[in-house]
Amino acid sequence: MHDIAALDERDPLAPLRARFHLPEGVIYLDGNSLGPLPVAVADRVQSVVSKEWGESLIKGWNDHDWIGLPQRVGNKIGRLIGAPAGSVVAADSTSLNLVKVLSAALGLRADRKVILSDTGNFPTDLYMAQGLAGALEQDHELRLVAPDEVTSAIDESVAVLMLTEVDYRTGRKHDMKALTKKAHEVGALTIWDLAHSAGALPVDLTATQADFAIGCGYKYLNGGPGAPAFVYVRADHLNNFAPSLSGWMGHAEPFAFDLTYRPAEGIDRMLVGTPTILSMSVLDTALDIWDGISMTQVREKSLRLADIFIEEVQSRCAGHGLELLTPQEPDQRGSQVSFSCPEGYAVMQALIADGIIGDFRAPDIIRFGFTPLYLRYADSVEAAKGLERVLTERRWDKPEFLKRAKVT
Ligand SMILES: *Cc1c(COP(=O)(O)O)cnc(C)c1O
(Lines give C-alpha, C1' and ligand atoms only; values in the text may rest on other atoms or scores of the structure.)
Protein backbone atom coordinates (compact mmCIF):
# COMPACT_ATOMS: atom_id res chain seq x y z
CA MET A 1 0.00 0.00 0.00
CA HIS A 2 1.08 3.60 0.36
CA ASP A 3 4.02 4.70 2.40
CA ILE A 4 1.91 7.16 4.34
CA ALA A 5 4.68 8.41 6.61
CA ALA A 6 6.83 9.25 3.59
CA LEU A 7 3.98 11.08 1.91
CA ASP A 8 3.47 13.25 4.98
CA GLU A 9 7.19 13.88 5.37
CA ARG A 10 7.55 15.05 1.80
CA ASP A 11 4.32 17.08 1.74
CA PRO A 12 5.15 20.69 0.80
CA LEU A 13 1.87 21.89 2.38
CA ALA A 14 2.50 20.18 5.74
CA PRO A 15 3.79 23.31 7.52
CA LEU A 16 0.44 25.06 6.98
CA ARG A 17 -1.26 22.81 9.52
CA ALA A 18 0.36 24.85 12.29
CA ARG A 19 -1.61 27.89 11.16
CA PHE A 20 -4.87 26.32 12.31
CA HIS A 21 -6.24 25.56 15.72
CA LEU A 22 -7.34 21.92 15.61
CA PRO A 23 -8.68 20.34 18.80
CA GLU A 24 -6.60 17.51 20.31
CA GLY A 25 -7.59 14.08 19.14
CA VAL A 26 -9.83 15.22 16.32
CA ILE A 27 -9.58 14.35 12.63
CA TYR A 28 -11.52 17.10 10.93
CA LEU A 29 -13.16 16.07 7.68
CA ASP A 30 -15.84 18.74 7.65
CA GLY A 31 -13.89 21.77 6.45
CA ASN A 32 -16.16 21.70 3.41
CA SER A 33 -18.99 22.70 5.75
CA LEU A 34 -17.21 24.90 8.30
CA GLY A 35 -13.48 25.55 8.05
CA PRO A 36 -11.48 25.40 11.31
CA LEU A 37 -10.14 28.41 13.20
CA PRO A 38 -6.95 29.97 11.82
CA VAL A 39 -4.60 30.74 14.70
CA ALA A 40 -4.05 34.35 13.60
CA VAL A 41 -7.75 35.16 13.89
CA ALA A 42 -7.73 35.60 17.68
CA ASP A 43 -5.21 38.49 17.52
CA ARG A 44 -7.04 40.12 14.63
CA VAL A 45 -10.38 40.00 16.43
CA GLN A 46 -8.78 41.32 19.60
CA SER A 47 -7.27 44.20 17.66
CA VAL A 48 -10.40 45.04 15.64
CA VAL A 49 -12.55 44.98 18.76
CA SER A 50 -10.29 46.70 21.29
CA LYS A 51 -8.13 48.97 19.19
CA GLU A 52 -10.19 49.74 16.11
CA TRP A 53 -13.77 49.74 17.39
CA GLY A 54 -12.91 50.44 21.04
CA GLU A 55 -10.55 53.34 20.49
CA SER A 56 -11.39 54.72 17.05
CA LEU A 57 -15.17 54.45 17.28
CA ILE A 58 -16.84 55.92 14.19
CA LYS A 59 -13.46 57.14 12.88
CA GLY A 60 -12.63 53.49 12.16
CA TRP A 61 -14.49 53.62 8.86
CA ASN A 62 -11.80 55.93 7.52
CA ASP A 63 -8.83 55.45 9.84
CA HIS A 64 -8.85 51.65 9.49
CA ASP A 65 -10.46 51.68 6.05
CA TRP A 66 -13.33 49.47 7.20
CA ILE A 67 -15.26 50.88 4.28
CA GLY A 68 -12.80 49.31 1.82
CA LEU A 69 -12.84 45.87 3.46
CA PRO A 70 -15.43 44.25 1.13
CA GLN A 71 -13.21 45.06 -1.86
CA ARG A 72 -9.92 44.08 -0.18
CA VAL A 73 -11.35 40.74 0.92
CA GLY A 74 -12.98 40.31 -2.48
CA ASN A 75 -9.64 40.75 -4.23
CA LYS A 76 -8.02 38.13 -2.01
CA ILE A 77 -10.77 35.68 -2.94
CA GLY A 78 -10.51 36.74 -6.58
CA ARG A 79 -6.91 35.49 -6.69
CA LEU A 80 -8.13 32.00 -5.76
CA ILE A 81 -10.78 31.84 -8.47
CA GLY A 82 -9.04 33.48 -11.42
CA ALA A 83 -10.95 36.74 -11.16
CA PRO A 84 -9.24 40.06 -11.95
CA ALA A 85 -8.87 42.70 -9.23
CA GLY A 86 -12.02 44.76 -8.90
CA SER A 87 -14.41 42.01 -9.99
CA VAL A 88 -15.22 40.39 -6.62
CA VAL A 89 -16.61 41.78 -3.37
CA ALA A 90 -17.26 40.04 -0.07
CA ALA A 91 -20.79 40.67 1.15
CA ASP A 92 -23.93 39.18 2.62
CA SER A 93 -24.66 35.47 2.29
CA THR A 94 -24.42 33.16 -0.70
CA SER A 95 -28.22 33.02 -0.81
CA LEU A 96 -28.55 36.80 -1.07
CA ASN A 97 -25.73 37.07 -3.57
CA LEU A 98 -27.58 34.60 -5.76
CA VAL A 99 -30.55 36.95 -5.89
CA LYS A 100 -28.28 39.83 -6.88
CA VAL A 101 -26.69 38.01 -9.81
CA LEU A 102 -29.81 36.16 -10.92
CA SER A 103 -31.87 39.33 -11.08
CA ALA A 104 -29.04 41.03 -13.01
CA ALA A 105 -28.77 38.12 -15.44
CA LEU A 106 -32.53 37.91 -16.01
CA GLY A 107 -32.56 41.63 -16.68
CA LEU A 108 -29.82 41.19 -19.29
CA ARG A 109 -31.86 38.44 -21.03
CA ALA A 110 -35.32 39.96 -20.62
CA ASP A 111 -36.68 38.24 -23.75
CA ARG A 112 -36.17 34.75 -22.25
CA LYS A 113 -37.96 33.11 -19.34
CA VAL A 114 -36.08 29.93 -18.44
CA ILE A 115 -33.66 29.55 -15.53
CA LEU A 116 -31.96 26.20 -16.10
CA SER A 117 -30.52 24.36 -13.10
CA ASP A 118 -30.11 20.79 -11.90
CA THR A 119 -31.40 18.56 -9.15
CA GLY A 120 -27.90 18.45 -7.63
CA ASN A 121 -27.94 22.15 -6.90
CA PHE A 122 -27.94 23.30 -3.31
CA PRO A 123 -31.55 23.88 -2.26
CA THR A 124 -31.10 27.47 -1.10
CA ASP A 125 -30.08 28.44 -4.65
CA LEU A 126 -33.28 26.90 -5.96
CA TYR A 127 -35.40 28.46 -3.22
CA MET A 128 -34.00 31.92 -3.91
CA ALA A 129 -34.64 31.51 -7.64
CA GLN A 130 -38.23 30.46 -6.91
CA GLY A 131 -38.71 33.45 -4.62
CA LEU A 132 -37.22 35.89 -7.10
CA ALA A 133 -39.31 34.51 -9.97
CA GLY A 134 -42.41 34.92 -7.80
CA ALA A 135 -41.53 38.51 -6.90
CA LEU A 136 -40.77 39.47 -10.51
CA GLU A 137 -44.14 38.14 -11.76
CA GLN A 138 -42.77 37.80 -15.29
CA ASP A 139 -43.55 34.11 -15.80
CA HIS A 140 -40.03 32.86 -15.31
CA GLU A 141 -39.69 29.10 -15.20
CA LEU A 142 -37.12 27.31 -13.02
CA ARG A 143 -36.34 24.24 -15.12
CA LEU A 144 -34.59 21.42 -13.24
CA VAL A 145 -32.91 18.48 -14.94
CA ALA A 146 -30.64 15.70 -13.71
CA PRO A 147 -26.97 16.76 -13.50
CA ASP A 148 -25.94 14.62 -16.46
CA GLU A 149 -28.73 16.07 -18.59
CA VAL A 150 -27.70 19.69 -18.23
CA THR A 151 -25.68 19.82 -21.45
CA SER A 152 -28.52 18.57 -23.60
CA ALA A 153 -31.05 20.86 -21.88
CA ILE A 154 -29.18 24.04 -22.85
CA ASP A 155 -31.16 25.58 -25.69
CA GLU A 156 -32.28 28.95 -26.96
CA SER A 157 -35.11 29.26 -24.46
CA VAL A 158 -32.59 29.49 -21.61
CA ALA A 159 -31.94 32.93 -20.14
CA VAL A 160 -29.62 31.79 -17.39
CA LEU A 161 -27.76 28.57 -16.65
CA MET A 162 -27.49 28.50 -12.86
CA LEU A 163 -25.33 25.72 -11.41
CA THR A 164 -23.16 24.78 -8.48
CA GLU A 165 -19.87 23.51 -9.83
CA VAL A 166 -19.38 20.80 -7.19
CA ASP A 167 -22.42 18.90 -5.91
CA TYR A 168 -22.62 19.31 -2.12
CA ARG A 169 -23.88 15.77 -1.67
CA THR A 170 -21.97 13.58 -4.10
CA GLY A 171 -18.91 15.72 -4.84
CA ARG A 172 -19.56 15.39 -8.59
CA LYS A 173 -18.03 18.29 -10.51
CA HIS A 174 -19.49 19.93 -13.59
CA ASP A 175 -17.29 20.94 -16.52
CA MET A 176 -17.59 24.67 -15.99
CA LYS A 177 -15.72 25.65 -19.11
CA ALA A 178 -17.66 23.41 -21.51
CA LEU A 179 -21.08 24.23 -20.02
CA THR A 180 -20.36 27.95 -20.06
CA LYS A 181 -19.28 27.71 -23.68
CA LYS A 182 -22.42 25.81 -24.64
CA ALA A 183 -24.61 28.33 -22.80
CA HIS A 184 -22.93 31.21 -24.58
CA GLU A 185 -23.41 29.54 -27.95
CA VAL A 186 -27.18 29.70 -27.47
CA GLY A 187 -27.07 33.21 -26.03
CA ALA A 188 -27.62 32.25 -22.38
CA LEU A 189 -25.75 33.68 -19.39
CA THR A 190 -24.15 31.61 -16.63
CA ILE A 191 -24.13 31.79 -12.84
CA TRP A 192 -21.72 29.50 -11.02
CA ASP A 193 -21.98 28.80 -7.32
CA LEU A 194 -18.43 28.14 -6.13
CA ALA A 195 -19.29 27.24 -2.52
CA HIS A 196 -17.46 23.91 -2.86
CA SER A 197 -14.85 25.17 -5.32
CA ALA A 198 -13.23 28.32 -3.94
CA GLY A 199 -10.21 27.16 -1.95
CA ALA A 200 -10.97 23.54 -2.88
CA LEU A 201 -9.70 23.33 -6.44
CA PRO A 202 -8.31 25.55 -9.18
CA VAL A 203 -10.99 27.83 -10.66
CA ASP A 204 -10.32 30.21 -13.53
CA LEU A 205 -13.29 32.50 -14.01
CA THR A 206 -11.41 34.52 -16.60
CA ALA A 207 -10.55 31.54 -18.78
CA THR A 208 -14.01 29.96 -18.49
CA GLN A 209 -15.68 33.28 -19.37
CA ALA A 210 -18.32 32.72 -16.67
CA ASP A 211 -20.70 35.67 -16.44
CA PHE A 212 -21.46 35.62 -12.72
CA ALA A 213 -20.25 33.67 -9.72
CA ILE A 214 -21.01 33.49 -6.02
CA GLY A 215 -19.63 31.47 -3.13
CA CYS A 216 -19.16 30.92 0.51
CA GLY A 217 -16.68 32.35 3.04
CA TYR A 218 -17.01 29.77 5.81
CA LYS A 219 -16.25 26.51 4.00
CA TYR A 220 -12.86 26.06 2.32
CA LEU A 221 -11.97 29.72 2.96
CA ASN A 222 -12.15 29.23 6.75
CA GLY A 223 -13.83 32.57 7.50
CA GLY A 224 -15.80 31.31 10.51
CA PRO A 225 -19.47 30.47 11.10
CA GLY A 226 -21.68 32.71 8.99
CA ALA A 227 -18.71 34.48 7.36
CA PRO A 228 -19.54 36.88 4.52
CA ALA A 229 -19.96 35.32 1.10
CA PHE A 230 -18.63 36.68 -2.20
CA VAL A 231 -19.94 37.74 -5.57
CA TYR A 232 -18.22 38.04 -8.96
CA VAL A 233 -19.44 39.83 -12.06
CA ARG A 234 -17.57 39.69 -15.37
CA ALA A 235 -16.20 43.12 -16.22
CA ASP A 236 -18.19 43.69 -19.41
CA HIS A 237 -21.52 43.14 -17.59
CA LEU A 238 -20.73 45.33 -14.65
CA ASN A 239 -22.22 48.58 -15.77
CA ASN A 240 -25.06 47.10 -17.83
CA PHE A 241 -27.62 46.30 -15.18
CA ALA A 242 -29.36 48.09 -12.36
CA PRO A 243 -29.10 46.12 -9.10
CA SER A 244 -32.39 44.84 -7.71
CA LEU A 245 -31.07 44.94 -4.15
CA SER A 246 -30.29 48.61 -4.39
CA GLY A 247 -28.85 49.52 -1.02
CA TRP A 248 -26.89 52.61 -0.12
CA MET A 249 -23.51 50.85 -0.01
CA GLY A 250 -23.96 50.12 -3.71
CA HIS A 251 -24.90 53.71 -4.49
CA ALA A 252 -22.56 55.85 -6.58
CA GLU A 253 -22.31 58.31 -3.69
CA PRO A 254 -23.60 56.79 -0.45
CA PHE A 255 -22.73 59.86 1.55
CA ALA A 256 -24.44 62.30 -0.78
CA PHE A 257 -27.68 60.93 0.72
CA ASP A 258 -29.58 61.42 -2.55
CA LEU A 259 -33.23 60.50 -2.52
CA THR A 260 -32.80 58.44 -5.67
CA TYR A 261 -30.70 55.34 -6.18
CA ARG A 262 -27.85 55.55 -8.67
CA PRO A 263 -25.65 52.45 -8.89
CA ALA A 264 -21.93 52.74 -8.24
CA GLU A 265 -19.56 51.99 -11.09
CA GLY A 266 -18.22 48.47 -11.20
CA ILE A 267 -18.45 45.70 -8.64
CA ASP A 268 -19.34 48.10 -5.78
CA ARG A 269 -22.94 48.04 -7.02
CA MET A 270 -23.19 44.49 -5.65
CA LEU A 271 -22.96 45.87 -2.11
CA VAL A 272 -26.19 46.47 -0.22
CA GLY A 273 -25.91 47.48 3.44
CA THR A 274 -23.18 48.26 5.94
CA PRO A 275 -20.42 45.62 5.83
CA THR A 276 -20.06 43.33 8.86
CA ILE A 277 -16.61 44.48 9.93
CA LEU A 278 -16.04 41.96 12.72
CA SER A 279 -16.75 38.87 10.65
CA MET A 280 -15.21 40.32 7.51
CA SER A 281 -11.98 40.98 9.42
CA VAL A 282 -11.90 37.31 10.41
CA LEU A 283 -12.30 36.24 6.79
CA ASP A 284 -9.64 38.76 5.75
CA THR A 285 -7.12 37.21 8.14
CA ALA A 286 -8.13 33.64 7.23
CA LEU A 287 -7.42 34.42 3.58
CA ASP A 288 -3.80 35.40 4.32
CA ILE A 289 -3.00 31.70 4.71
CA TRP A 290 -3.37 31.33 0.93
CA ASP A 291 -0.53 33.75 0.20
CA GLY A 292 1.97 32.09 -2.09
CA ILE A 293 0.15 28.76 -2.20
CA SER A 294 -0.32 27.01 -5.50
CA MET A 295 -3.85 25.74 -6.12
CA THR A 296 -2.32 23.02 -8.29
CA GLN A 297 -0.47 21.69 -5.26
CA VAL A 298 -3.61 21.94 -3.16
CA ARG A 299 -5.55 20.01 -5.79
CA GLU A 300 -2.92 17.28 -6.10
CA LYS A 301 -2.92 16.70 -2.37
CA SER A 302 -6.71 16.82 -2.12
CA LEU A 303 -7.11 14.14 -4.79
CA ARG A 304 -4.50 11.94 -3.16
CA LEU A 305 -5.98 12.34 0.35
CA ALA A 306 -9.37 11.36 -1.07
CA ASP A 307 -7.99 8.45 -3.11
CA ILE A 308 -6.25 6.98 -0.09
CA PHE A 309 -9.45 7.32 1.96
CA ILE A 310 -11.57 5.67 -0.76
CA GLU A 311 -9.15 2.76 -1.12
CA GLU A 312 -8.89 2.22 2.61
CA VAL A 313 -12.65 2.39 3.15
CA GLN A 314 -13.35 0.03 0.28
CA SER A 315 -10.91 -2.56 1.55
CA ARG A 316 -11.77 -2.23 5.25
CA CYS A 317 -15.53 -1.73 5.18
CA ALA A 318 -16.65 -4.20 2.53
CA GLY A 319 -19.91 -5.96 3.36
CA HIS A 320 -21.47 -3.07 5.28
CA GLY A 321 -23.52 -1.72 2.39
CA LEU A 322 -21.46 1.41 1.70
CA GLU A 323 -21.70 2.71 -1.83
CA LEU A 324 -19.29 5.31 -3.20
CA LEU A 325 -21.27 8.23 -4.66
CA THR A 326 -18.31 10.37 -5.67
CA PRO A 327 -16.95 9.91 -9.20
CA GLN A 328 -13.38 8.59 -9.18
CA GLU A 329 -12.28 10.43 -12.32
CA PRO A 330 -10.24 13.39 -11.01
CA ASP A 331 -11.78 15.90 -13.40
CA GLN A 332 -15.28 14.86 -12.37
CA ARG A 333 -15.02 15.44 -8.64
CA GLY A 334 -14.43 18.15 -6.09
CA SER A 335 -12.67 17.84 -2.76
CA GLN A 336 -15.00 15.57 -0.81
CA VAL A 337 -15.91 11.90 -0.69
CA SER A 338 -19.45 10.67 -0.10
CA PHE A 339 -20.88 7.25 0.49
CA SER A 340 -24.46 6.19 0.81
CA CYS A 341 -24.61 4.22 4.03
CA PRO A 342 -27.41 2.33 5.76
CA GLU A 343 -28.03 4.03 9.13
CA GLY A 344 -25.76 6.80 7.86
CA TYR A 345 -26.93 9.34 10.41
CA ALA A 346 -26.15 7.11 13.40
CA VAL A 347 -22.89 5.94 11.83
CA MET A 348 -21.72 9.54 11.47
CA GLN A 349 -22.75 10.39 15.05
CA ALA A 350 -20.73 7.44 16.33
CA LEU A 351 -17.73 8.46 14.22
CA ILE A 352 -17.96 12.02 15.55
CA ALA A 353 -18.09 10.68 19.10
CA ASP A 354 -14.81 8.92 18.30
CA GLY A 355 -13.24 12.23 17.19
CA ILE A 356 -13.59 11.75 13.43
CA ILE A 357 -15.76 14.59 12.21
CA GLY A 358 -17.53 14.38 8.89
CA ASP A 359 -21.21 15.02 8.31
CA PHE A 360 -24.48 13.53 7.17
CA ARG A 361 -26.75 14.65 4.36
CA ALA A 362 -30.26 13.32 3.91
CA PRO A 363 -31.39 10.76 3.00
CA ASP A 364 -28.45 8.42 3.72
CA ILE A 365 -25.18 10.11 2.79
CA ILE A 366 -22.05 10.24 4.91
CA ARG A 367 -19.72 12.93 3.66
CA PHE A 368 -16.02 13.61 4.22
CA GLY A 369 -14.27 16.80 3.14
CA PHE A 370 -10.57 16.76 2.24
CA THR A 371 -8.82 20.02 2.95
CA PRO A 372 -5.09 19.91 2.17
CA LEU A 373 -4.08 22.93 4.24
CA TYR A 374 -4.39 21.06 7.52
CA LEU A 375 -4.99 17.37 6.84
CA ARG A 376 -2.28 14.72 6.81
CA TYR A 377 -2.24 11.59 4.71
CA ALA A 378 -2.24 9.64 7.96
CA ASP A 379 -5.61 11.24 8.75
CA SER A 380 -7.13 9.60 5.67
CA VAL A 381 -6.03 6.20 6.91
CA GLU A 382 -7.05 6.80 10.53
CA ALA A 383 -10.49 8.02 9.44
CA ALA A 384 -11.05 4.87 7.38
CA LYS A 385 -9.95 2.74 10.35
CA GLY A 386 -12.40 4.65 12.54
CA LEU A 387 -15.23 4.01 10.11
CA GLU A 388 -14.32 0.33 10.01
CA ARG A 389 -14.46 0.21 13.84
CA VAL A 390 -17.86 1.90 13.97
CA LEU A 391 -19.30 -0.51 11.41
CA THR A 392 -17.80 -3.79 12.55
CA GLU A 393 -18.42 -3.12 16.25
CA ARG A 394 -21.87 -1.62 15.52
CA ARG A 395 -20.87 1.35 17.64
CA TRP A 396 -23.60 3.38 15.90
CA ASP A 397 -26.41 1.26 17.31
CA LYS A 398 -27.18 3.36 20.39
CA PRO A 399 -30.23 5.50 21.12
CA GLU A 400 -28.17 8.70 21.43
CA PHE A 401 -26.75 8.26 17.92
CA LEU A 402 -30.09 7.45 16.32
CA LYS A 403 -31.79 10.65 17.51
CA ARG A 404 -31.52 13.49 14.96
CA ALA A 405 -30.16 16.88 15.99
CA LYS A 406 -31.35 20.14 14.40
CA VAL A 407 -28.18 20.67 12.35
CA THR A 408 -26.81 17.58 10.63
C1 LIG B 1 -23.18 26.17 1.68
C2 LIG B 1 -23.85 26.58 0.44
C3 LIG B 1 -24.68 27.69 0.41
C4 LIG B 1 -24.98 28.43 1.67
O5 LIG B 1 -25.65 29.60 1.50
P6 LIG B 1 -25.76 30.64 2.71
O7 LIG B 1 -26.63 31.68 2.18
O8 LIG B 1 -24.37 31.10 3.00
O9 LIG B 1 -26.33 29.92 3.88
C10 LIG B 1 -25.20 28.07 -0.82
N11 LIG B 1 -24.94 27.37 -1.94
C12 LIG B 1 -24.16 26.26 -1.92
C13 LIG B 1 -23.88 25.50 -3.17
C14 LIG B 1 -23.60 25.83 -0.73
O15 LIG B 1 -22.86 24.72 -0.70
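All values below were derived from every heavy atom in this structure, side-chain atoms included, with hydrogens, water molecules and symmetry-related copies excluded. Here the structure is a predicted model, which means the values were calculated and not measured. Numbering of ligands and ligand atoms starts at 1, following listing order.
- Shown here are the salt bridge (Lys or Arg N to Asp or Glu O under 4.0 Å) partners of R389, two or more places apart in sequence or in another chain: there are none.
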Donor-acceptor list for residues 205-214 side chains, cut-off 3.5 Å, not counting sequence neighbours:
| unit_1 | atom_1 | unit_2 | atom_2 | d |
| --- | --- | --- | --- | --- |
| T206 | OG1 | G82 | O | 2.5 |
| T208 | OG1 | D204 | O | 3.0 |
| T208 | OG1 | L205 | O | 3.2 |
| Q209 | NE2 | T206 | O | 3.4 |
| D211 | OD1 | R234 | NH1 | 3.2 |
| D211 | OD1 | H237 | NE2 | 2.7 |
| D211 | OD2 | H184 | NE2 | 2.6 |
| D211 | OD2 | T190 | N | 2.9 |
| D211 | OD2 | T190 | OG1 | 2.9 |

Using a 3.5 Å cut-off and no angle test, enumerate the donor-acceptor pairs between side-chain atoms of residues 127-141 and protein atoms at least two apart in sequence or in another chain.
| unit_1 | atom_1 | unit_2 | atom_2 | d |
| --- | --- | --- | --- | --- |
| E141 | OE1 | R143 | NH2 | 3.2 |
| E141 | OE2 | R143 | NE | 3.1 |

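- For ligand 1, residues of the protein lying within 4.0 angstrom by heavy-atom distance are S93, T94, S95, F122, T124, D125, T164, D193, A195, H196, Y218, K219.
- We find that D291 and K76 are not joined by a salt bridge, their nearest charged nitrogen and carboxylate oxygen being 4.0 Å or further apart.
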* To do: Before giving the answer on ring-ring contact (aromatic ring centres under 6.0 Å, His included), spell out for F255 and W248 the whole-Å C-alpha distance, their side-chain angles and the decisive distance to 0.1 Å.
  => CA-CA 9 Å; F255 291 90; W248 72 313; 5.3 Å; yes
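- Between the side chain of N97 and the main chain of A91, a donor-acceptor pair closer than 3.5 Å is present.
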